[in-house]
Protein chains: 2
Amino acid sequence: MRKSEIRERILEYIKYFFDERGYAPTVRDILKGCNVSSTSLVQYHLNVLEKEGQIRRDPEVFRSIQLVERNVREVPLLGTISAGEPIPVVDADTWSNRAEETLRVTTDIVGGKGDIYALKVKGTSMLDALINDGDVVIMEAAQTAEDGEMAAVWLKNEQEVTLKKVYREPGRIRLQPANSEMKPLYTGSENIEVQGKVVAVLRRLDR
Amino acid sequence: MRKSEIRERILEYIKYFFDERGYAPTVRDILKGCNVSSTSLVQYHLNVLEKEGQIRRDPEVFRSIQLVERNVREVPLLGTISAGEPIPVVDADTWSNRAEETLRVTTDIVGGKGDIYALKVKGTSMLDALINDGDVVIMEAAQTAEDGEMAAVWLKNEQEVTLKKVYREPGRIRLQPANSEMKPLYTGSENIEVQGKVVAVLRRLDR
DNA sequence: TGTTCTATAGAACACTCGTTTAACAGGAGG
DNA sequence: CCTCCTGTTAAACGAGTGTTCTATAGAACA
């Protein structure tokens, strides 16, 4: 199945329509919205999209089109993060079974791609990352980080995790706190192990 | 309008149906699902629910019922917050019309009640509240704060807003930074003006 | 006792909308 | 050249569905 410009448009329109109105468009809504000239042409493309797994429909049910990729993600809360211990390793098993709790978060906040999970911060050891006791960090599994990305870094000598921006420099690694008033930490590249990238930080104050 | 057992059931069924299927039920779905015996009875109760503001419908559009109380809230981003200027005053007008942008956030994070709005933080003046340049704070309109609540406080003498936990003490007010390593600020109660309560802090690091 | 409001029932109307069918054009490949 | 696949058009069927209308009944109230 090769990509088709009109199908992309239809897919985009379905998303737009749902965001705007809160329910799915009909075949004829799509017809008007995408400047298509025949209901059966829309039907044809919808069938293709359904076969591709991009949408789901219930036969004969009006307005039952649903995008398979959704607006809200379920993020598993997999444990805690504190200075003294490495963050939990995520594999298929922990990811699906060991979740204490599930956080429902919009893709506005966490983006749409990649396996992500959440950790609750224990203690105040990450104040220099502007992260407080009780905050929740949303992580993406990763073994490396690009320059400037905020990552969870395991410092082997210190036996500590820390959340810092990572920069490669000649002969050393610079770990920069989010708090611009604080000084960076320098260490050798053999001393660090990236355990994940920080995607977002969530702090709830009302309860 | 007094509460009606059947309307409660209908409301619950709409939620159940939507969670289950991803789209709203028709009048006749509700009829079957709630053991009601007439479409016009369903219609009658739907009209009441709509008048009560519990649901929203588009006339003549199939499956357009939506629960007004949602899983996702639209939070208007009303402006910026920085040390040097008071935060924008919210009234019905600003709330509905002046939003630069709308943030979609789950009720998991911001709770379900009260008028809330979002402000983008400009500058690093709120580092002591563990809030960085570019973070988004979600606020609830309020003129007062209970002891221990995080609030946006306007300091009259200093001509500054600051985000602190507020504690009333004999003859003075203690303003406690979120960062437990920092010292509190003391001031007279006549010097402060609570402009809102902080409901949540949002930080996005991926982009 | 009449009036009004809420709650209910059954039936019917008219439009909406998923689906089907038949037909045609262009390109790819043998 | 023929065949197959994708993309397209037009028209129509018939079930799904929001809506409306009429009628009934009990409760509250004056």
Side-chain angles (χ1 to χ4, degrees), chain A residues 1-70, chain B residues 1-70:
Chain A
M1 307 242 178
R2 76 170 83 73
K3 62 193 165 188
S4 151
E5 189 260 334
I6 189 171
R7 273 205 289 282
E8 304 271 337
R9 235 187 319 150
I10 288 177
L11 215 49
E12 216 172 302
Y13 183 72
I14 293 169
K15 185 176 163 44
Y16 162 79
F17 192 101
F18 195 93
D19 282 352
E20 207 67 13
R21 315 253 303 245
Y23 47 81
T26 64
V27 171
R28 285 164 180 85
D29 287 330
I30 297 173
L31 181 147
K32 284 171 207 148
C34 297
N35 272 322
V36 178
S37 50
S38 168
T39 60
S40 53
L41 182 52
V42 176
Q43 197 80 262
Y44 169 73
H45 287 295
L46 288 179
N47 286 333
V48 176
L49 287 170
E50 193 169 14
K51 207 154 286 171
E52 288 178 351
Q54 309 234 48
I55 61 170
R56 193 151 44 82
R57 288 198 294 169
D58 287 359
E60 316 209 351
V61 175
F62 302 164
R63 300 188 181 280
S64 67
I65 302 174
Q66 292 171 256
L67 295 175
V68 167
E69 156 259 20
R70 288 273 189 59
Chain B
M1 307 242 179
R2 75 171 83 73
K3 62 196 164 186
S4 150
E5 189 260 333
I6 189 172
R7 273 204 289 281
E8 305 272 337
R9 234 189 318 152
I10 287 176
L11 217 47
E12 216 171 302
Y13 183 72
I14 293 170
K15 184 174 165 48
Y16 163 79
F17 191 102
F18 195 94
D19 282 352
E20 208 67 10
R21 315 256 302 247
Y23 47 82
T26 64
V27 171
R28 284 165 181 85
D29 287 330
I30 297 173
L31 182 148
K32 284 171 209 147
C34 296
N35 273 321
V36 178
S37 49
S38 169
T39 59
S40 52
L41 182 53
V42 176
Q43 198 80 262
Y44 170 74
H45 287 296
L46 288 179
N47 285 334
V48 175
L49 287 170
E50 194 169 13
K51 206 154 286 171
E52 287 178 350
Q54 309 232 48
I55 61 169
R56 193 150 45 84
R57 289 197 295 170
D58 286 2
E60 316 210 351
V61 175
F62 303 164
R63 298 186 184 281
S64 66
I65 301 175
Q66 291 171 257
L67 295 175
V68 167
E69 161 258 14
R70 289 264 199 59

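Note on naming: letters A, B, ... go to the chains in the order of the sequence lines (proteins, then strands), and numbering restarts at 1 for each one. The model shown is predicted, which means the values in this text are computed figures rather than measured ones.
Considering only residues two or more places apart in sequence or on other chains, B:Arg28 meets the salt bridge (Lys or Arg N to Asp or Glu O under 4.0 Å) condition with none of them. For B:Gln43, the side-chain contact (heavy atoms from CB on, under 4.5 Å) criterion is met by B:Val27, B:Asn47, B:Arg57, not counting sequence neighbours. Residues meeting the side-chain hydrogen bond (donor to acceptor under 3.5 Å, both in side chains) test with B:Ser64, sequence neighbours left out: none. Looking at residues two or more places apart in sequence or on another chain, you find a ring pair (Phe, Tyr, Trp, His ring centres under 6.0 Å) between A:Phe62 and B:Phe62. In this structure A:Glu60 satisfies the side-chain contact (heavy atoms from CB on, under 4.5 Å) test with no other residue, sequence neighbours excluded.
The interatomic distance linking B:Lys51 (NZ) with C:dC5 (P) rounds to 12 Å, in whole Å. Taking atom CD of B:Gln66 as the reference point, atom P of D:dG18 lies 14 Å away to the nearest angstrom.
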Got a list of protein N/O to nucleotides 24-26 of chain C N/O distances below 3.5 Å?
none

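Other residues, nucleotides and ligands contribute over 12 non-hydrogen atoms within 6.0 Å of the CD atom of A:Glu50.
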Listing, residues 30-42 of chain B side-chain donor-acceptor contacts under 3.5 Å, not counting sequence neighbours, or none:
| from | atom 1 | to | atom 2 | distance (Å) |
| --- | --- | --- | --- | --- |
| B:Ser38 | OG | B:Ser40 | N | 3.2 |
| B:Ser38 | OG | B:Ser40 | OG | 2.9 |

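With a cut-off of 3.5 Å on both pairing distances, the Watson-Crick or G-U wobble partner of C:dC5 is D:dG26.
In this structure, the nucleotide among D:dT9, D:dT8, C:dT19 sitting nearest to the side chain of A:Arg57 is C:dT19. When the nucleotides D:dG7, C:dT20, D:dG18 are ranked by their closest atom to the side chain of B:Val27, D:dG18 comes out on top.
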Going 5' to 3' along nucleotides 11-16 of chain D, which nucleotides have protein heavy atoms under 4.0 Å from the base (write B), which only from the sugar-phosphate (write S), and which from neither (write -)?
-> BB---B
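One side chain, B:Tyr23 or A:Asp58, offers a donor N or O that lies under 3.5 Å from an acceptor on the other.
Close to C:dT8, at under 4.0 Å from its OP1 or OP2, lies a side-chain N or O of B:His45.
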